[in-house]
Amino acid sequence: MADYCSPSSVDESTSSSSDKQCQSLDTRVFSKNACCGTTTRLTNQNGVVQPLLTDLYQITMAYAYWKNGMCSNYAVFDLFFRKNPFHGEYTVFAGLDECLKFLQSFNYSHSDIEYLKSALPPTVEHDFFTYLHQLSPKDVTVYAIPEGSVVFPKIPLLRVEGPLPVVQLLETTFLTLVNYASLVATNAARFRIAAGQHIKLLEYGLRRAQGPDGGLSASKYAYMGGFDGTSNVLAGKLFNIPVKGTHAHAFVMSFSSTEDCNLKTLTHRTTGEVKDLMAICQKWLSELSGFLHILSDEASSGELAAFVSYAAAFPDSFIALIDTYDVIKSGLLNFCAVALALDELGYRALGIRIDSGDLAYLSIIAKETFNKIAQRYEYPWFSSLAVVASNDINEETILSLNEQGHKIDCFGIGTHLVTCQKQPALGCVYKLVQVNKRPCIKLSLDVEKVTIPGKKNAFRLYGQDGRALIDLLQKVEEPAPDPGKRVLCRHPFQESKRAYVLPSKVEPLYKIYWDKGKICEPLPTLQEVREHVRQSLFHLRQDIKRSLNPTPYKVSVSDDLYHFMHNLWLENAPIGELS
Ligand SMILES: Nc1ncnc2c1ncn2[C@@H]1O[C@H](COP(=O)(O)OP(=O)(O)OP(=O)(O)O)[C@@H](O)[C@H]1O
Ligand SMILES: O=P(O)(O)OC[C@H]1O[C@H](OP(=O)(O)OP(=O)(O)O)[C@H](O)[C@@H]1O
Ligand SMILES: O=C(O)c1cccnc1
Ligand SMILES: [Mg+2]
């Protein structure tokens with residue numbers, strides 16, 4: 001496959017020698033990996049993420065806690081979601097790194113305090129502002145599932161413990177950092193599963209995203225979820241994501257005839273001779289029009305001028321958008337002529353992009369044309385020119401294209417990926433589960449909305465085939481399940497649903513990421529998290545990952561936790577009266 005679609009240059013230390021080869025190619029114009037030689041994560045990725053990026057009620061509650069002498073009450077909150085997005089049965093957890101960076105810089109500045117004084121009622125006591133100003137997350141502890149893990153409803157992604165007002169104040173910011181990140185990472189993972197491992201996926205969503213921060217976050221988390229690159233240059237710089245791209249219709253439309261092409265010559269790559277690129281292209285155009293039975297008059301001369309100009313500007317990485325006028329009668333012919341001319345001068349074109357029409361049909365015609373030329377002129381490389389497809393592509397389009405058969409090497413995907421049109425929000429919530437030694441339960445008429453009280457640990461139990469079988473929540477006091485020993489796993493809400501599970505492997509899901517005012521677990525790079533997403537999904541059974549009617553993954557509680565929770569439920573539920 002042409003290197004336009006080749007593995008990214010930042011792809012892991014495991015990169016093969018062919019990947020290494022691509023690295024040098026990828027530093028060229030179309031795939032500039034603007035890593036600037038650094039692999040460090042930005043500590044301050046987004047200046048908007050600060051303590052005032054919250055809901056007012058967090059601060060009013062903090063005041064009421066403070067006034068009520070509850071500042072040293074020790075609270076435990078769980079951050080979890082209740083339903084997987086996109087009618088799926090799995091979610092990719094993302095946003096942890098940013099939650100931890102937020103904690104690192106958590107501090108109410110003088111100007112924050114001044115603003116709060118103006119926004120809160122004048123009755124709020126001055127000493128509260130002194131308290132806020134001195135507040136830090138030094139007494140907070142965060143347990144979390146590693147970022148990039150596949151996760152499921154009801155299993156807390158984060159357990160946040162510490163002084164009640166402080167952990168309360170983290171709610172909204174943590175939720176905003178996790179919800180969209182996990183939604184996009186999951187969406188991207190779904191596109192990756194639909195496309196398969198061998199197709200390149202590029203994120204093109206910045207122009208359609210929900211604002212600049214949506215666009216930037218989408219680029220980051222789409223890459224984490226399995227995309228290969230982005231067209232978003234700032235995301236490339238900030239997150240070390242390979243940046244890639246082609247050109248727009250405007251570029252083609254801005255040329256009306258060959259007269260508009262001022263860059264007609266090109267230096268031969270090896271001999272250094274200056275050659276008339278336009279003349280060589282025109283020679284190939286007339287040769288190919290006979291061979292392919294396409295009238296050369298029908299090919300747009302403005303489009304040819306645009307392609308020649310672009311090729312002369314980027315002879316080593318020429319890729320052309322071929323659908324401005326007519327893919328078959330104009331774009332494809334013009335592209336092939338320019339690609340062959342470039343070859344005569346020692347350069348290799350990369351491929352084409354198609355942005356309208358029947359993408360299955362057109363990609364097949366394009367590849368057939370490439371193959372014919374490859375055979376006729378004995379240029380095997382012509383067969384491996386890449387076909388990039390874009391235009392409102394969603395997961396279903398890819399699945400349908402797979403069914404129809406197509407010859408697309410790379411999808412460029414914007415709107416549906418970044419706006420998550422199929423489901424625009426993930427419903428993560430942040431619920432109080434314990435204060436001091438008192439477990440808390442939130443009751444609801446909707447049984448699925450009842451919270452699971454108390455401090456809990458989570459484990460993933462694996463079967464003999466290495467695939468995940470079930471997730472299990474236990475009270476923290478309970479010993480971890482042992483591999484090779486059967487364990488009773490119960491449905492959290494339905495008494496009759498329970499099963500003995502014999503795990504071959506038991507994976508504790510939580511690590512302590514934040515303690516005593518510091519990040520206390522080495523944080524993986526974005527590339528490492530991306531690899532973890534791949535691994536984590538690999539350990540999930542195929543039927544759970546399928547797009548249509550997937551099998552639900554089981555999430556369970558231990559027998560102890562089941563009784564604990566249901567006793568508390570009974571204690572807290574009012575007794576009804578019949579009259
Ligand atoms: N073979 C295919 N199977 C299923 N969906 C396809 C196929 N080819 C293209 N699509 C999708 O069909 C839609 C076609 O979009 P639309 O109706 O706007 O046509 P268009 O080709 O973009 O038209 P225009 O020429 O006006 O730009 C896009 O969402 C595209 O991803
Ligand atoms: O279709 P998406 O998945 O959102 O991918 C991004 C789109 O952005 C560009 O189109 P542009 O903004 O030029 O408008 P167009 O749709 O009229 O080509 C590009 O050609 C893609 O079609
Ligand atoms: O580079 C591209 O082809 C591109 C970038 C953004 C949006 N659409 C296409
Ligand atoms: Mg479009």
Side-chain angles (χ1 to χ4, degrees), residues 2-6 8 26 28-34 86 184 187-188 190-192 194-195 199-212 214-216 218-223 225 227-237 241-254 303 306-307 310-311 313-314 317-327 331 335 349-359 362-363 366 385-401 406 408-422 424:
D3 50 330
Y4 171 77
C5 300
S6 64
S8 65
D26 272 359
R28 295 180 317 216
V29 172
F30 293 97
S31 49
K32 208 176 269 169
N33 170 24
F86 312 119
V184 172
N187 204 15
R190 295 180 65 90
F191 275 98
R192 166 55 68 208
I199 296 233
K200 293 293 156 190
L201 294 177
L202 300 182
E203 180 267 316
Y204 280 175
L206 180 57
R207 65 190 60 199
R208 304 274 151 70
Q210 274 90 348
L216 202 53
S219 303
K220 175 176 177 180
Y221 294 109
Y223 182 64
F227 271 56
D228 298 289
T230 178
S231 60
N232 180 343
V233 184
L234 184 59
K237 181 180 179 202
I241 301 173
V243 287
K244 307 207 176 196
T246 68
H247 62 78
H249 295 113
F251 186 78
V252 177
M253 293 186 297
S254 64
E303 184 179 59
F307 289 0
Y310 214 61
F314 302 111
S317 45
F318 174 58
I319 188 151
L321 174 61
I322 63 163
D323 72 328
T324 307
Y325 302 115
D326 188 301
V327 168
F335 167 77
L350 296 185
I352 54 168
R353 175 161 76 98
I354 310 173
D355 190 47
S356 58
D358 185 326
L359 298 173
L362 292 173
S363 67
L385 285 166
V387 176
V388 181
S390 53
N391 187 20
D392 246 337
I393 288 167
N394 60 26
E395 196 185 332
E396 283 70 30
T397 319
I398 296 179
L399 294 171
S400 165
L401 288 167
H406 66 82
I408 296 163
D409 301 294
C410 172
F411 288 108
I413 305 176
T415 311
H416 287 274
L417 173 66
V418 307
T419 66
C420 300
Q421 215 161 43
K422 200 163 156 192

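Atoms within each ligand, like the ligands themselves, are counted from 1 in listed order.
Using a distance-only test at 3.5 Å, with no hydrogens or angles considered, a donor-acceptor pair links the side chain of Glu303 to the main chain of Gly331. Distance alone, capped at 3.5 Å, is enough to place a donor-acceptor pair between the His247 side chain and the Leu321 backbone.
Within ligand 2, the atoms closer than 4.0 Å to a non-hydrogen atom of Thr415 are 2 (P), 3 (O), 4 (O), numbered from 1 in the order shown. Annotation for ligand 3: atoms under 4.0 Å from non-hydrogen atoms of Gly245 are 1 (O). Atoms of ligand 3 lying under 4.0 Å from any heavy atom of Arg353, numbered from 1 in the order shown and given with element: 3 (O), 9 (C). Remark: ligand 3 atoms within the under-4.0 Å shell around heavy atoms of Thr246 are 1 (O), 2 (C), 3 (O).
Side-chain contact between Cys410 and Leu202 is present, with at least one heavy-atom pair separated by less than 4.5 Å. Looking only at side-chain heavy atoms (C-beta outward), Leu385 and Phe335 come within less than 4.5 Å of each other.
Where the criterion is an N or O separation shorter than 3.5 Å, residue side chain and backbone included, Gly414 meets it with respect to ligand 2. Residue Lys244 has no N or O atom closer than 3.5 Å to an N or O atom of ligand 3. The shortest N or O to N or O distance between Ser231 and ligand 3 is not under 3.5 Å. Of the N or O atoms in Asp392, one or more lie within a sub-3.5 Å distance of an N or O in ligand 2. Between Ser390 and ligand 2, not a single N/O pair is under 3.5 Å apart. Between Arg207 and ligand 3, no pair of N/O atoms sits closer than 3.5 Å. Residue Arg353 has at least one N or O atom closer than 3.5 Å to an N or O atom of ligand 2.
Using a 3.5 Å distance cut-off with no hydrogens or angles, the side chains of His416 and Asn187 do not pair a donor with an acceptor. Residues Asp355 and Ser390 bring a donor and an acceptor atom of their side chains to less than 3.5 Å of each other.
When Glu203, Arg207, His247 are ranked by how near their heavy atoms come to atom 13 (O) of ligand 2, first place goes to Arg207.
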Pair Arg192, Asp228 - check salt bridge (charged side-chain N to carboxylate O under 4.0 Å, His left out), show working.
CA-CA 10 Å; Arg192 166 55 68 208; Asp228 298 289; 2.8 Å; yes
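To the nearest 0.5 Å, atom CG of residue Leu216 and atom OG1 of residue Thr230 are 9.0 Å apart.
Among protein heavy atoms, atom 14 (O) of ligand 2 sits closest to Arg208 NH2, 3.5 Å. Among all protein heavy atoms, the one lying closest to atom 15 (P) of ligand 2 is Asp355 OD2, 4.4 Å.
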